Amino acid sequence: MAQEFYIYNTLTRQKEKFRALNPPHVGLYVCGPTVYGEAHLGHARPAVTFDLLYRYLKHLGYKVRYVRNITDVGHLENDADDGEDKIAKKAKVEKLEPMEIVEYYTRSYHHTVDRMNVLRPNIEPRATGHIIEQQQLAKKILEKGYAYEKNGNIYFDVERYNKEHNYGKLSGRNIEELKANTRNLEGQEEKKNPFDFALWKKATPKHIMRWPSDWGEGFPGWHIECSAMSTKYLGEKFDIHGGGMDLLFPHHECEIAQSTAANGKESVKYWMHNNMITIQGQKMGKSLDNFITLNEFFSGKHKLLEKPFTPMTIRFFILQAHYRSPLDFSNEALQAAEKGMEKLFKAEETLETLKSSNKSNIDAGDLEQKFYEAINDDLNTPVLFSHIFDMVRIINSIKDEKTKATNEDIKKLKGLYKTFVHDILGIEKEEKTKEESRLTEELIELLLNLRLEAKKRKDFETADKIRNALTKKGIVVKDTKDGFEWEIKK
RNA sequence: GGUCGCGUGGCCGAGGGGCUUAGGCACCGGUCUGCAAAACCGGUUACGGCGGUUCGAAUCCGCCCGCGACCUCCA
């Protein structure tokens with residue numbers, strides 16, 4: 001791998017040079033959604049961020065096994081005994097089987113992120129499909145003495161674990177602090193410490209999602225699914241684990257504890273966390289009830305939205321910020337992203353029409369180097385975009401014959417577009433339905449040809465009439481020396 | 001309250017001791033054009049406040065103010 005790729009490791013709190021454990025193979029695990037509702041803008045961020053990582057690792061020549069789970073059990077409303085499972089709760093509300101809920105929202109999630117050109121992971125395991133693995137893991141932890149059973153519940157013994165290992169190393173917490181700060185919820189008296197977490201929970205009679213186990217009927221805790229499934233598909237030690245920053249504690253901290261307790265060693269080499277998307281400075285999320293679903297963005301049907309935004313605009317918007325920075329939603333910011341993206345696409349079309357010359361005063365190799373420097377620096381997409389827009393300016397300047405480029409240069413620029421804009425960033429132009437656009441195209445050309453004739457006989461009144469009418473419909477006309485260009489603007 | 005982080009121009013958003021006019025959007029001027037649009041060129045508005053370190057700080061340190069995340073489900 002010729003490129004030196006640096007990524008920020010949350011565990012060490014610094015950028016580290018990426019070195020695969022078993023090159024050319026790379027194991028990547030990312031926490032996926034809990035499928036009990038429509039995906040919202042917040043869900044798009046890890047999906048897009050780790051899609052970028054996946055794409056770039058593949059570009060570098062790694063054979064990546066990308067695992068992203070679907071949480072369909074064990075994620076409770078809260079940690080108390082009567083804490084309801086999110087899926088089961090929704091099922092009750094909708095009067096459906098839990099698995100109907102899971103199926104419905106899994107499909108919906110797929111459809112939505114597909115539209116943002118997010119590649120599917122290689123394996124997308126479900127928690128309910130790995131109950132046995134989770135039980136086995138819990139058993140192993142129990143046998144090693146890092147967990148205890150109480151009335152059919154298995155709890156992880158954080159204090160015991162912390163004697164030999166460091167609980168809190170990822171999130172920067174320490175156990176004393178936790179003792180002082182962890183709330184005592186009702187119905188948790190059987191835990192040794194309030195910060196102990198459940199590996200397995202006994203099902204109350206009302207609880208519908210339940211499986212038999214050595215400890216009676218119950219269901220797995222939330223944190224154990226990721227440990228069980230990552231181990232199953234990526235081994236006891238794998239390269240990268242990703243997810244949202246909000247999962248850092250307790251979820252990822254608990255994962256580390258579980259794996260370390262079971263295997264005696266840490267499972268993950270690099271931990272990567274994306275920041276949150278905010279709305280008016282506040283985290284967008286279910287609990288705050290300030291979220292906008294992705295489908296609402298696509299349709300524009302939400303009171304906070306001034307207009308619809310395409311899936312690709314959302315992707316572009318997310319990538320224009322660095323993944324570790326918070327990103328604030330606003331109509332204005334989204335519109336700016338949309339405009340910028342259009343400019344990017346237009347330049348690519350222009351690229352196809354450029355005339356080469358035998359001289360050159362551009363340095364495509366330098367551009368390429370800058371592109372790599374940006375992406376290699378912990379996926380610095382904002383800087384990458386700034387260089388890409390340098391390329392856009394060069395392309396337009398060649399078109400205006402203010403800059404010269406050889407045939408080879410132009411080829412190189414096309415290659416950069418393909419590699420960086422399409423393959424790595426995953427930005428693709430959205431196509432209208434073919435027939436629709438063909439007919440529209442023909443009609444517009446027809447009108448514009450009439451206008452051209454009018455212009456030729458100096459009938460500017462008619463010419464302007466046609467152009468104004470088209471402009472009103474959102475079709476922008478651009479006159480050229482002896483013809484016209486046009487495009488549809490929203 | 002504890003832990004961590006942030007505060008950059010009209011908006012979004014990089015950078016992170018001297019030199020980046022970062023970039024995008026918006027606005028203004030110029031070139032081009034019957035007019036316009038696009039494009040190109042140029043321009044405007046910055047580093048929360050107060051101190052300190054330094055030859056030099058938006059960048060390091062301290063304090064203050066404001067904001068956020070996590071500590072309880074959340075991507």
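Values below: every heavy atom of this structure, side chains too, minus hydrogens, waters and symmetry copies. Computed from a predicted model, the values in this text were never measured in an experiment.
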Any side-chain N or O of [X] under 4.0 Å from OP1/OP2 of [N]?
X         : N       : result
Asn396(A) : rC40(B) : yes
Lys339(A) : rA26(B) : yes
Lys370(A) : rA22(B) : no

Subject >> Residues in ring pair (Phe, Tyr, Trp, His ring centres under 6.0 Å) contact with Phe238(A), at least two apart in sequence or another chain >> reply: none
Original post:
Who are the ring pair (Phe, Tyr, Trp, His ring centres under 6.0 Å) partners of Tyr105(A), not counting sequence neighbours?
Top reply: none
Categorize [X] for me: base, sugar-phosphate, or nothing, with a 4.0 angstrom heavy-atom threshold over every strand shown.
X         : answer
Met341(A) : nothing
His387(A) : nothing
Leu248(A) : nothing

What is the distance from atom [atom1] of [X] to atom [atom2] of [Y], rounded to the nearest 0.5 Å?
X         : Y         : atom1 : atom2 : answer
Leu170(A) : Thr12(A)  : CG    : OG1   : 10.0 Å
Gln320(A) : Phe385(A) : CD    : CZ    : 6.0 Å
Asn361(A) : Ser397(A) : CG    : OG    : 8.0 Å

**OP:** Do nucleotides 28-35 of chain B as a string where each nucleotide becomes B, S or -: B if the base has a protein heavy atom under 4.0 Å, S if just the sugar-phosphate does, - if no protein is that close.
**Re:** ------BB
May I ask you to check whether [X] and [Y] show a side-chain donor-acceptor distance below 3.5 Å?
X         : Y         : answer
Thr293(A) : Glu38(A)  : no
Glu124(A) : His110(A) : yes
Asn193(A) : Tyr155(A) : no
Asp409(A) : Thr406(A) : yes

Original post:
Mind checking what makes salt bridge (charged side-chain N to carboxylate O under 4.0 Å, His left out) contact with Lys473(A), not counting sequence neighbours?
Top reply: none
Original post:
What stem regions, each of at least 3 consecutive Watson-Crick or G-U pairs below 3.5 Å, can be found for RNA chain B?
Top reply: B:1-7 with B:65-71, B:10-12 with B:23-25, B:27-31 with B:39-43, B:48-52 with B:60-64
**OP:** Could you check if a side-chain atom of Glu338(A) sits within less than 4.5 angstrom of a side-chain atom of Lys307(A), using non-hydrogen atoms only?
**Re:** yes
Can you pull every protein N or O that's under 3.5 Å from an N or O on nucleotides 13-15 of chain B?
unit_1	atom_1	unit_2	atom_2	d
rG13(B)	OP1	Asp328(A)	N	3.0
rA14(B)	OP1	His322(A)	N	2.8
rA14(B)	OP1	Ser325(A)	OG	2.8
rG15(B)	OP1	Asn380(A)	ND2	3.2

